Amino acid sequence: MNKGKFYITTPVYYINDKPHIGSAYTTIIADTIARWRRQQGEDVLFLTGVDEHSQKTVDAAKKNGEELTAYTDRMAGIWEAAWERLRISNTDFIRTTEARHSATVGDFWERLDAAGDIYLGKYEGLYCKGHEAFMKEDELIDGLCPDHKTEPEFVSEQNYFFRLSKYQKPLLDFYNENQDFVAPANRFQEVKSFVEAGLEDISFSREQRDWGIPVPQDPHQVIYVWADALVNYISSVGIEGWEEHPADVHAVGKDILRFHAVIWPAMLMAAGLPLPGQIIANGFLTANGVKISKSLGNTIDPLELSARYGVDAVRYFLLREVPYGQDGDFSEEKMKERYNADLANGLGNFAARVLTLAEKETLACDPFDGAFEQAVAAMHAGVIKSMSGFKFNETLAAVWRAISFGDHFINEKKVWAVSDDAARRRMLSDLVMLLERIATVLLPFLPETSAKITGAIRREGNVLRAKKIETLFPRIK
Ligand code: MSP
């Protein structure tokens, strides 16, 4: 693998609706990691995009009374703009209707076929449109899909199958050799148990559909939307690019972990291509205990929230409130509480105090004094440890401990009232440099705020200057 290169992806999202807070959550996680790695000096490729070949797209276009391509163009634009607004730093945006993607999917299919892993068979079973997947009778509750609360349709057709069963042993061997392949660890255990229980071949095409990528050897069939969508990770970099450097991290939600940790690696093995480094799975966000989803219609709009609280506040809340991998409940009450306590009274107030006190002073960039040295070292150690395990809430907690340290210091020493100029300046330069470090560590999490703070601090040779800034987080009633 090329050193210094880092490739991270989000899922490609269905476009039957605009982004909601759940899709934003996965994307913000990937963005935080991407920004963090970039900060470490790595050359980061960050891919996100949209999954257009779902039956849901066709249904949604019809419901909107729009022509299919007009609908997909409009929705792709909405998703791309939403990520821009949420300060997502993706370096590519892929649509599965693009020519570069269908060409790659075709090539990929030929590789599976050449390996003898595609065969024609008959499929009969229950299909859930919400999941775009077949379901087993025992997965249903009262005949309904438990996630989408809809009745799966009975499907009986001739399909091309992928010989997934052949990869049970190779997958288990691979998992054994790659102990960090799936994070968090408890999710990896679920994946292993699922594969140990045995794998069935999987239907990889659908009959008589005109929406999708045709099966190369049989244009009456289209490639199953998942077999199409997963390949997007290759389409962005090309097959050769992938061979040289496959994705380091696929960030996904727990609902689609099996597709990424079982089916995708098996497809890559069959195609003779390298496997991704790691699949990381976030939990679900719920609203009042119910999964937020486009299909259920209980969505919360991240852009609308950002307009009221600021983009950074939305990013902060999601990463601070929900421990990575676990489910978390979104409520505006909790968001408001954290906003006022952590952002307005915490970071915002600390930054304002330091910059206001330091504005009229001429300070020096001397090394930190003892207690500051320790507080900064503790913060950095906490950040490194938690970031490598995707424990974003702990990273933020470590930063907020440094903020409290600074606040206490100001109160305890009554910095504003110290009349000895040299002593006061010494304290203030420590405080300004602490604030600067805090802002730097926060860059991957709160990009706008971080830039505002670092923009207010200037270093000229050994001279440190600070200027007041507008209130970062006005209190919300
Ligand atoms: N199109 C497929 C993915 C193909 S990837 C090759 C898909 N799309 S989706 O739009 O339905 O969901 C994509 C991802 O959005 C989920 O895996 C998950 O990461 C995220 N989430 C959607 N709803 C979510 C919540 N309510 N909470 C947290 N994440 C959620 O599946």
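Everything quoted here is computed from the prediction, not taken from an experiment. Read the numbers this way: they start at 1 and go in the same order the structure lists the ligands and their atoms.
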Q) Do the rings of F317 and F330 sit parallel, tilted or perpendicular, given the 30° and 60° boundaries? A) perpendicular
Q: Give me the ring orientation class for Y175 and F188: parallel if the planes are under 30° apart, tilted from 30 to 60°, perpendicular past 60°.
A: perpendicular
Going by heavy atoms, is [X] under 4.0 Å from ligand 1?
| X | value |
| --- | --- |
| F259 | no |
| H20 | yes |
| K254 | no |
| S54 | no |
| W264 | no |

Cationic N near anionic O, under 4.0 Å, [X] to [Y]:
| X | Y | value |
| --- | --- | --- |
| K18 | D301 | yes |
| D43 | R38 | no |
| E321 | R338 | yes |

Q) Below 6.0 angstrom between ring centroids: does that apply to F181 and F174? A) yes
Ligand-side contact atoms (ligand 1) for residue partner [X], heavy atom cut-off under 4.0 Å:
| X | answer |
| --- | --- |
| T26 | 18 (C), 19 (O), 20 (C), 29 (N) |
| H260 | 5 (S), 6 (C) |
| A229 | 6 (C) |
| D51 | 1 (N), 2 (C), 4 (C) |
| N282 | 28 (C), 29 (N) |
| G283 | 28 (C) |

Q) Above 12 or not: heavy atoms from other molecules or residues under 6.0 Å from NZ of K334? A) yes
If you measure every N or O of [X] against every N or O of ligand 1, does any of those distances drop under 3.5 Å?
| X | result |
| --- | --- |
| G253 | yes |
| N232 | no |
| V12 | yes |
| W226 | no |

Q.
Measuring from atom 17 (O) of ligand 1, which candidate in V252, T286, D255 has the nearest non-hydrogen atom?
A. D255
Q. According to the salt bridge (charged side-chain N to carboxylate O under 4.0 Å, His left out) rule, which pairs have a member within residues 142-160, sequence neighbours left out?
A. E157-R206
(Q) Let's go through D201 and Y119 carefully: what are the C-alpha distance in whole Å and the side-chain angles of both, what is the deciding distance for side chain to side chain donor-acceptor pair (under 3.5 Å) to 0.1 Å, and is it a yes or a no? (A) CA-CA 10 Å; D201 291 349; Y119 64 92; 2.6 Å; yes
Q) Can you tell me if N282 uses its side chain to pair, donor with acceptor, with the backbone of G325 under 3.5 Å? A) no
